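Since the structure comes first, as structure tokens, the remarks are kept for the end.
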2 protein chains.
Amino acid sequence: MSAAESAVETIQREMTIFARRARASAGRMHPELSLVSYTLLGHLEERGGCRATDLAAHYALDKSTVSRQVAALERAGLIERRLDPEDHRVQVLHLTDAGQEILAQVTRSRRAAFRERLADWPEEDLVRFAAYLERYNAGPGAADAD
Amino acid sequence: MSAAESAVETIQREMTIFARRARASAGRMHPELSLVSYTLLGHLEERGGCRATDLAAHYALDKSTVSRQVAALERAGLIERRLDPEDHRVQVLHLTDAGQEILAQVTRSRRAAFRERLADWPEEDLVRFAAYLERYNAGPGAADAD
DNA sequence: CGTTCTAGTTGTATAGTACAACTTGAACTG
DNA sequence: CAGTTCAAGTTGTACTATACAACTAGAACG
């Protein structure tokens, strides 16, 4: 096996390990906010509000799934729905103050965990690793799932 | 924000994206074999057989979860249980021929997907990326989840 | 108008998971 | 050696995330 093939093998294996761990620990991290909810809130913050359908398309989730997630987030007071005056079918979702607060908390604590995990990495390696990950995720086959 | 902080931020974000995608696509990849089942079979192959309790400990899963997964894999004819003659509480799990077959198929197809995804990466980058991932997964906080 | 498209909800089913209670066998202890 | 405690696994129950299908409500178009 060439060096390249062996590297691909390692990348596959390590990515699988990571995915499994992330899945296992996602629920435990923040009882308040699953990985999906966190991602949805983050998207809302980034975009400054969007429709449930947009979230579904963006994350390749069924609209029913998003509908229930959104309902839960609204019940928890983290987002609010505003009827689009232009089109009464549409509900534009926005973070509430409480939602921004929680999102910021979770983001801080996730960041702290990563920072600790990466504490003894030289800056040069951090920068290169970050670039590789971005490149990997931006690669072919990714467009439909981002 | 320093370059290192910004890189940590990126790593966090990209790892999260990856985890979400892996989760979403895990089921679709191989209807026969979920990510967890694949991992368990892989572990059995690597170890040449082990106990359900070992799997549970290794992957931080509840023993009941493993019990059901194992039952499903046995029903599917992919593994078999052998009573430990030394201790009749213990069932040592082994891959069947069919199990080795399926595992090899899934491994091949996963490998092909990764290979395609990484097709246009220079070998040097593949090797470095692989090394970073190994280092990340081997890092502190990983021991309990491997 | 009426047909067709779009946004979202609700019904139903499935997978994966955890926790608790239980069964069975092993080991230890007074 | 009898009784207790420990270990491996199974089963009952419940919850979450998910998808697909059927439905409702509103918009657009002809």
Side-chain angles (χ1 to χ4, degrees), chain A residues 19-41 44 49-76 79-94 144-145, chain B residues 16 19-41 44 49-76 79-94 145:
Chain A
R20 185 171 39 67
R21 282 186 189 157
R23 178 172 191 166
S25 65
R28 301 190 246 276
M29 249 176 116
H30 298 282
E32 277 304 317
L33 218 51
S34 73
L35 186 58
V36 171
S37 297
Y38 172 71
T39 309
L40 297 184
L41 289 191
L44 286 184
C50 74
R51 304 177 306 163
T53 296
D54 297 337
L55 292 176
H58 199 77
Y59 295 112
L61 293 169
D62 191 81
K63 58 186 177 169
S64 66
T65 300
V66 173
S67 175
R68 289 179 228 264
Q69 291 284 337
V70 162
L73 290 172
E74 189 190 29
R75 239 179 284 122
I79 65 174
E80 61 182 18
R81 318 182 193 213
R82 300 184 196 153
L83 259 184
D84 183 340
E86 305 280 300
D87 184 341
H88 278 203
R89 291 170 305 179
V90 171
Q91 300 170 3
V92 184
L93 308 171
H94 292 268
D144 58 311
Chain B
T16 303
R20 184 170 41 66
R21 282 186 190 158
R23 178 173 191 165
S25 66
R28 299 192 249 277
M29 247 176 116
H30 299 282
E32 277 303 317
L33 220 51
S34 73
L35 186 59
V36 171
S37 297
Y38 173 72
T39 309
L40 296 184
L41 289 191
L44 286 184
C50 74
R51 303 177 305 164
T53 296
D54 297 336
L55 293 175
H58 198 77
Y59 295 113
L61 293 169
D62 192 80
K63 59 186 177 168
S64 66
T65 300
V66 172
S67 175
R68 288 180 230 265
Q69 291 285 337
V70 162
L73 290 172
E74 190 190 29
R75 239 178 285 122
I79 65 175
E80 61 181 17
R81 320 184 192 211
R82 303 185 193 153
L83 260 183
D84 183 340
E86 306 280 300
D87 184 341
H88 279 202
R89 291 171 305 180
V90 172
Q91 301 169 1
V92 183
L93 308 172
H94 292 268

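Per chain, numbering begins at 1; letters A, B, ... match sequence-line order. Being a predicted model, the structure only gives us computed values, none of them experimental.
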* Using a cut-off of strictly less than 4.0 Å, decide whether A:T53 has a side-chain nitrogen or oxygen near OP1 or OP2 of C:dT6. => no
* Starting at atom CD of B:Q91, determine the distance to atom P of C:dT23, rounded to an integer number of angstrom. => 18 Å
* Asked: In terms of the nearest nucleotide of DNA chain D, which residue is placed more toward the 5' end: B:R51 or B:S64?
  -> B:R51
* To do: Scan nucleotides 23-30 of chain D nucleotide by nucleotide, 5' to 3', and note B when protein non-hydrogen atoms come under 4.0 Å of the base, S if they reach only the sugar-phosphate, - if neither.
  => ---BS---
* **Results of salt bridge (charged side-chain N to carboxylate O under 4.0 Å, His left out) for A:D62 - residues two or more places apart only** => none
* With rounding to the nearest 0.5 Å, note down the distance linking CD in A:E74 to CD in A:E80. => 8.5 Å
* B:D84 has an atom CG; how far is it from atom C1' of D:dG9, in whole Å? -> 14 Å
* Side-chain donor or acceptor of B:T39 paired with backbone N/O of B:L35 under 3.5 Å -> yes
* Structure fact -> Taken to the nearest whole Å, CG/B:L40 to P/C:dA15 is 16 Å
* Asked: If you round to the nearest 0.5 Å, how far is CG of B:L93 from CG of B:D54?
  -> 9.0 Å
* **Inter-residue atom distance B:L73.CG - B:I79.CD1, 0.5 Å rounding** => 5.0 Å
* Euclidean distance, A:L40 CG relative to A:C50 SG, rounded to 0.5 Å -> 8.5 Å
* Asked: Taking CG from B:L83 and C1' from C:dT24, how many angstroms apart are they, rounded to a whole number?
  -> 12 Å
* **With A:D84 via side-chain hydrogen bond (donor to acceptor under 3.5 Å, both in side chains) - residues at least two apart** => none
* Sugar-phosphate, base or nothing in reach of B:V66, heavy atoms under 4.0 Å -> nothing
* Distance in angstrom units between A:R82 CZ and C:dG8 P, rounded -> 15 Å
* Specify the angle, to 10°, made by the local axes at the two ends of the helix from C:dC1-D:dG30 to C:dG30-D:dC1 when five pairs are taken at each end. => 10°
* **Rounded distance (nearest 0.5 Å) linking atom NE2 of B:H58 with atom CZ of B:R51** => 13.5 Å
* **Spacing of A:L55 atom CG relative to C:dT9 atom P, expressed in whole Å** => 12 Å
* Side chain of B:T65 - closest among C:dG8, C:dT17, D:dG9 -> C:dT17
* Asked: Which parts of residues 68-75 of chain A get close to DNA chain C, meaning a heavy atom less than 4.0 angstrom away?
  -> A:R68
* Between B:L83 and B:H88, what is the shortest heavy-atom contact and its length? -> CD2-O, 3.5 Å
* side-chain hydrogen bond (donor to acceptor under 3.5 Å, both in side chains) against A:S37, all qualifying residues, sequence neighbours excluded -> A:S34, A:Q69
* **Gap between atoms CZ and P, on A:R81 and C:dA7 respectively (whole Å)** => 16 Å
* Asked: Once you round it to whole Å, what is the distance between P of C:dA18 and OH of B:Y59?
  -> 15 Å
* State the CZ-CD distance between B:R89 and B:Q91, to the nearest 0.5 angstrom. => 12.0 Å
